[in-house]
Amino acid sequence: MAILVPFDGPLELSHTLECGQAFRWRPQGPWFLGTVGATAMKVRMAPGGLEVRSNPAVGADFVRSYFRLDDDLDAILKKISVDRHIRRAQEKYRGLRLLRQDPWECLVSYVASSASNIPKISRCIGKVSRMYGARLRLDDFETFGFPGPEALAAGGAAALRACELGFRAGYIAGIAREMTDPESQGLLTPDGLRALRQVPAEQARLKLLEFVGVGEKVADCVLLFSLDKLETFPVDRWVQRVAERLFFRGRKLSPKRVREWGREHYGRYAGYAQQYLFHYMRHLG
DNA sequence: TCCCAGGCGAAAG
DNA sequence: CTTTCGCATGGG
């Protein structure tokens, strides 16, 4: 229930958990309280590593995987340190790590993210979990695990609309239905989604784009935040703004061009650069 | 009241 | 290829 995960590399929990890549964490004193799939967790930095309390119990390997502790962050940041803006972002948000999220939860979360904002996305995901997920308790922390596609499919779009999902409710209900329908051919189960970790990025991307409601940006977020495709460079309004303002002197570019530029400019860890720039831009003032 | 938000899909140029 | 629009909803 309580473990110490030894770690002496760079890691800053506040930047990692509050940069907008995951939607189910909040700070409380020295701890961060969060829900990872069907697990309630408390984490904080401790001498020698990361202290983790959880329900149900998880092992150090689970924590290492979720926080991507095997990524050599210093080496990655060195590789993407190719311009003054990214260097500034790195100085400001030292210790920000990408997470390795559950692909199904990540997919639903980012479909829910379209034309929304981080506080609202968090609220929506919290409501969906409260409506369908299993109740979890950890000390005085109560939360709800993220539900599987069966529950969302059973409830349908109407129930999801009650979670402030608006027009996104139909997309999510449709995806949940496809993922639980044995008749559907070529479409994925949650395990099939996870298996895309072993598939080349371009090919995995095409599979994700088959879902109605998943466009290029959402597909790229799922690839980056849950499927280990660290070269992926998702382009949302903020990143679009970064590129046009900081790198192209206010010139207008298509999202496709920005995406190709980012991938080319930052190389195989472009996804790390994207998240640093995203967080940096959102707090520029 | 208007504008915007980690977009997408469809239609049209 | 690109641009434009409607789509729900809450917040500034």
Side-chain angles (χ1 to χ4, degrees), chain A residues 15-25 89 93 96-99 101-103 105-128 131 155-178 205-227 229-230 232-246 248 251-263 266 270-285:
Chain A
H15 297 154
T16 299
L17 298 173
E18 298 183 304
C19 69
Q21 57 177 324
F23 304 101
R24 304 210 63 194
W25 288 94
Y93 298 113
L96 190 165
R97 283 178 177 271
L98 290 179
L99 298 168
Q101 302 185 48
D102 174 76
E105 177 173 348
C106 188
L107 175 63
V108 174
S109 299
Y110 279 91
V111 170
S113 78
S114 81
S116 187
N117 54 71
I118 291 171
K120 187 179 176 186
I121 301 162
S122 302
R123 243 181 5 252
C124 290
I125 299 304
K127 286 189 175 187
V128 170
M131 182 177 285
L160 291 172
R161 226 167 272 123
C163 303
E164 297 182 38
L165 282 166
F167 62 86
R168 310 155 193 90
Y171 292 147
I172 293 172
I175 291 170
R177 208 177 312 121
E178 285 181 4
R205 192 165 191 264
L206 291 176
K207 296 301 289 181
L208 294 173
L209 289 172
E210 289 179 17
F211 290 111
V212 176
V214 177
E216 310 221 341
K217 192 273 175 179
V218 169
D220 284 346
C221 285
V222 176
L223 290 171
L224 177 61
F225 298 133
S226 76
L227 295 176
K229 314 306 182 197
L230 299 187
T232 311
F233 193 84
V235 178
D236 65 10
R237 292 175 146 102
W238 292 98
V239 174
Q240 182 81 28
R241 210 169 296 164
V242 169
E244 290 175 351
R245 270 175 48 178
L246 268 38
F248 291 89
R251 190 157 64 87
K252 294 296 175 190
L253 290 132
S254 70
K256 180 188 268 299
R257 293 290 300 275
V258 175
R259 175 171 165 269
E260 288 164 357
W261 165 80
R263 173 68 183 83
Y266 292 111
Y272 261 98
Q274 188 272 1
Q275 195 56 30
Y276 272 84
L277 290 176
F278 172 78
H279 196 39
Y280 180 65
M281 188 66 189
R282 276 174 34 85
H283 295 275
L284 263 188

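Every heavy atom of this structure was used, including side-chain atoms; hydrogens, water molecules and symmetry mates were not. From a predicted model like this one, the values you see are computed outputs, not experimental measurements.
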Using a heavy-atom cut-off of 4.0 Å to chain A, what are the terminal contacting nucleotides of DNA chain C, in 5' to 3' order?
-> C:dT2 to C:dG10

What integer number of Å spans the P atoms of B:dG6 and C:dT2?
-> 24 Å

Start with the C-alpha distance between A:Y266 and A:Y276, add both sets of side-chain angles, then the distance that settles ring-ring contact (aromatic ring centres under 6.0 Å, His included), and finish with yes or no.
-> CA-CA 12 Å; A:Y266 292 111; A:Y276 272 84; over 10 Å; no

Taking only N and O in the side chain of A:R237, is any of them less than 4.0 Å away from OP1 or OP2 of B:dG6?
-> no

side-chain contact (heavy atoms from CB on, under 4.5 Å) partners for A:R263, two or more places apart = A:E231

If you look only at pairs with a residue in residues 234-243 of chain A, which of them pass as a side-chain hydrogen bond (donor to acceptor under 3.5 Å, both in side chains), with sequence neighbours excluded?
-> A:Q240-A:E244

Within this structure, what is the CZ-to-P distance between A:F278 and B:dA5, rounded to whole angstrom?
-> 11 Å

By ring pair (Phe, Tyr, Trp, His ring centres under 6.0 Å), which residues pair with A:F233, not counting sequence neighbours?
-> none

Considering residues at least two apart in sequence or located in another chain, which fulfil the side-chain contact (heavy atoms from CB on, under 4.5 Å) criterion with A:A173?
-> A:A157, A:L160, A:R177

How would you list, by chain and number, every residue that makes a side-chain contact (heavy atoms from CB on, under 4.5 Å) with A:S226, sequence neighbours excluded?
-> A:Q101, A:P103, A:C106, A:V222

Record whether the side chain of A:Q275 comes under 3.5 Å of the base of B:dG6 through a donor-acceptor pair of N or O atoms.
-> yes

Hey, is the side chain of A:R241 poking within less than 4.0 Å of OP1 or OP2 on B:dA5, counting only N and O atoms?
-> yes

Stacking check A:Y110 vs B:dG6 (5.5 Å / 30 deg) = no

Polar atoms only, N or O, under 3.5 Å: list the protein pairs with nucleotides 9-13 of chain B and their distances.
unit_1 : atom_1 : unit_2 : atom_2 : d
B:dG9  : OP1    : A:G213 : N      : 2.8

Sequence neighbours left out, what pairs pass side-chain hydrogen bond (donor to acceptor under 3.5 Å, both in side chains) with at least one residue falling in residues 114-128 of chain A?
-> A:R123-A:E164, A:K127-A:E164

By side-chain contact (heavy atoms from CB on, under 4.5 Å) - contacts of A:H15 (at least two apart) = A:E12, A:Y93, A:L96

Return the value, rounded to whole Å, for the distance between atom CG of A:L99 and atom C1' of B:dG6.
-> 15 Å

